[in-house]
Amino acid sequence: MPIAAPRGTQDILPPESRRWQWLEECFRHHGALYGYREMRTPIFESTELFARGVGEETDIVAKQMYSFQSRGGDALTLRPEGTAGVVRAMIQHNLLAQGGVQKICYFGPMFRYERPQKGRYRQLHQVGVEAFGSPGPAIDAETLAFASDFLAAVGISDARLELNSVGCPACRPRYRDALRNALAGARTGLCTDCTRRYDTNPLRVLDCKVESCRTVTRDVPVILDMLCAECRDHLRGVEAGLRALGVPFVINPHIVRGLDYYTRTAFEFIAGGLGAQNTVLAGGRYDGLVAELGGPATPAIGFAAGIERLLMAAGEAAPAPPMAGPVFIATLGDAARAEGARLAQALRRAGVPAAISYEARSLKAQMKEAARQDARYALILGEDELARGDAMLRDMGAGEQTAVAVADIVTLLARRYAA
RNA sequence: GUGGGUAUAGCUCAGUCGGUUAGAGCGCCAGGUUGUGGCCCUGGAGGUCGCCCGUUCAAGUCGGGUUACCCACCCCA
């Protein structure tokens, strides 16, 4: 058996790669509309960054990281997500000292050691944004509008935005205690995972998918009723902003984030057609993270989306804009083939995509090759044409051909391809 | 980490009760057409039936194991 790509990774082959380029272009375009600038950070970072930035007790850090020791003895990890690296870079380069709002977008591969399945990979690719420096709900609404518009642009118009507030360090502990109290009586009805979560992170019981747990959590108090005044006002501000911007949403009090520096706004976009992995884009506010990583206290909000899932959810809706079909130069004889190569180069330098036959083959075989390459034109150059100083220019779509002087070909085709 | 499914040509898949030379469609190459793609006809190339072990006179087919992929749990994008 020859060597195969590692488990949970995949090769993005043409023409699928064209859809990736298209999606990345969509993302860049929307980023520019909303004032985001791209940042590129390393694919590996200090393991400690993720331990602190994502959280020691999360599954991602506890059992899904590709960690290794460098030859110099440093503990490093392939990034499992994008936010930690961006925040680290913002702090390291003192970009937050500039004041104002800083909007950063990024995309690239992330790595998580998970059991692969539909929509879940060990090397996944995300696009993401982070906005630093604005504490109010207006930027939350704008960020969600960005997400919604971006999804629509890539052909996912049926995604449902689910919104929640996870409170803040002032009100969340109070809710956590209330939740624990409410669950205490029904502990025996919880699944084994949730029995553990009851102690470690009771909020996570809320998004458990086991039926018995859902039954238990149906009547439990919701955080929305226990938010402090500031968090409640913030959420109302986000809702008002979304309505003003025309972004539909539903409140789902069961959306949670595991860590203390996630604050207030939390959201997910749910799309169909993805099986169990149906979250296509998710994010939230993390007003405590920059300070947690040693930077100046800075409010922030962001989201990330998995490219593989986006393309799956988009399905047929995601077009793969075809490249302009080339001019295929079919030649007969060594002298004509050499002239064809020169002609092709002249065409390319004039901005016209050109292809040639590298070997001596029958004209029929070359015409089939031209059709296979979806050529717009075939340029047929044989001994006779070479002697006359012209070539047959065949319109592959129309199936008509005319003789054109070699001297005029580049100018003529450059004009047609420019149109 | 747990469970289920699948594995035959480049791709998508047939393959009967275990039976002698493993098939189809698409794709590829060539010819029909001495210099013209798509449609048609003819021919050709291409296979360690995932891998190992076992049962049997005989295994693509049955059994065990293993690996990979897929799906679900879990977790998340």
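So you know, we letter chains A, B, ... as the sequences are listed, proteins then strands, and number each from 1.
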Query raised in the report: So what does A:A370 hit on the nucleic acid, given a heavy-atom distance under 4.0 Å: a base, only sugar-phosphate, or nothing?
Result: nothing
Requested in this report: State which of B:G35, B:U36, B:A77 makes the closest approach to the side chain of A:K364.
Outcome: B:U36
Query raised in the report: Start at the 5' end of RNA chain B and walk down; is the nucleotide closest to A:K63 or to A:A305 reached first?
Result: A:K63
Query raised in the report: Rounded to whole angstroms, how far apart are CD1 on A:I380 and C1' on B:G37?
Result: 10 Å
Query - Of the listed nucleotides B:G38, B:C70, B:G1, the one nearest the side chain of A:R394 - result: B:G38
Query - Pair A:R160 + A:E162: basic N to acidic O under 4.0 Å - result: yes
Query raised in the report: Given atom CD1 of A:I60 and atom C1' of B:A77, what is their separation to the nearest angstrom?
Result: 9 Å
Report summary line: Out of B:G1, B:C71, B:G35, minimum distance to the side chain of A:M392 belongs to B:G35
Any protein N or O atoms within reach of nucleotides 27-30 of chain B? Criterion: under 3.5 Å, listing atom names and distances.
unit_1	atom_1	unit_2	atom_2	d
B:C28	OP1	A:R372	NH1	2.6
B:C29	OP1	A:R372	NH2	3.3
B:A30	OP1	A:R361	NH2	3.4

Query raised in the report: So, A:Y377 versus A:F328, ring centres under 6.0 angstrom or not?
Result: no
Query raised in the report: Are A:E38 and A:R40 close enough for a salt bridge, meaning some N to O gap below 4.0 Å?
Result: yes
**Report entry** Rounded distance in Å - CD (A:E383) to P (B:U36)
**Finding:** 15 Å
Report summary line: note: A:R120, atom CZ; B:G1, atom P; distance rounded to Å ~ 12 Å
Query raised in the report: Which whole-number value in Å describes the distance from A:Q117 CD to B:C76 C1'?
Result: 10 Å
**Report entry** Spacing of A:F328 atom CZ relative to B:G38 atom P, expressed in whole Å
**Finding:** 14 Å
Query raised in the report: How would you label the contact of A:G128 with the nucleic acid (heavy atoms, under 4.0 Å): base, sugar-phosphate, or nothing?
Result: nothing
Report summary line: Testing B:A77, B:U36, B:G37 for proximity to the side chain of A:M396, the answer is B:G37
Query - Nucleotide nearest A:M367 (side chain, heavy atoms from C-beta), chosen from B:G37, B:C69, B:A77 - result: B:G37
Query raised in the report: What nucleic acid atoms does A:E268 come within less than 4.0 Å of, heavy atoms only: base, sugar-phosphate, or nothing?
Result: nothing
Query raised in the report: Given B:C76, B:G35, B:G3, which nucleotide is nearest the side-chain atoms of A:R112?
Result: B:C76
Requested in this report: On the 0 to 90° scale, with breaks at 30° and 60°, tag the A:F146-A:Y34 ring pair as parallel, tilted or perpendicular.
Outcome: parallel
Report summary line: Ranking B:C73, B:U36, B:G37 by distance to the side chain of A:L363, first place goes to B:U36
Query - Candidate nucleotides B:A77, B:C71, B:G35, ranked by approach to the side chain of A:K118 - the nearest - result: B:C71
**Report entry** Basic-acidic side-chain contact under 4.0 Å: A:E369, A:R372
**Finding:** yes
Report summary line: From CD of A:Q64 across to P of B:C74 the rounded distance in Å is 14 Å
Query raised in the report: Thinking salt bridges, do A:K103 and A:E142 make one under a 4.0 Å N-O criterion?
Result: yes
Requested in this report: Could you tell me whether A:E400 and A:R394 make a salt bridge, using a distance below 4.0 angstrom between a side-chain N and a carboxylate O?
Outcome: no
Requested in this report: Would you mind classifying the nucleic acid contact of A:G333 as base, sugar-phosphate or nothing, using non-hydrogen atoms under 4.0 angstrom?
Outcome: nothing
Report summary line: Of B:C69, B:G37, B:A77, the nucleotide closest to the side chain of A:A371 is B:G37
Report task. Would you mind classifying the nucleic acid contact of A:E385 as base, sugar-phosphate or nothing, using non-hydrogen atoms under 4.0 angstrom? Result -> base
Requested in this report: Have a look at A:Y121 and say if it touches a base, only the backbone sugar-phosphate, or nothing, with a 4.0 Å heavy-atom cut-off.
Outcome: base
Query raised in the report: Does a salt bridge link A:R122 with A:E114, judged by any charged N lying under 4.0 Å from a carboxylate O?
Result: no
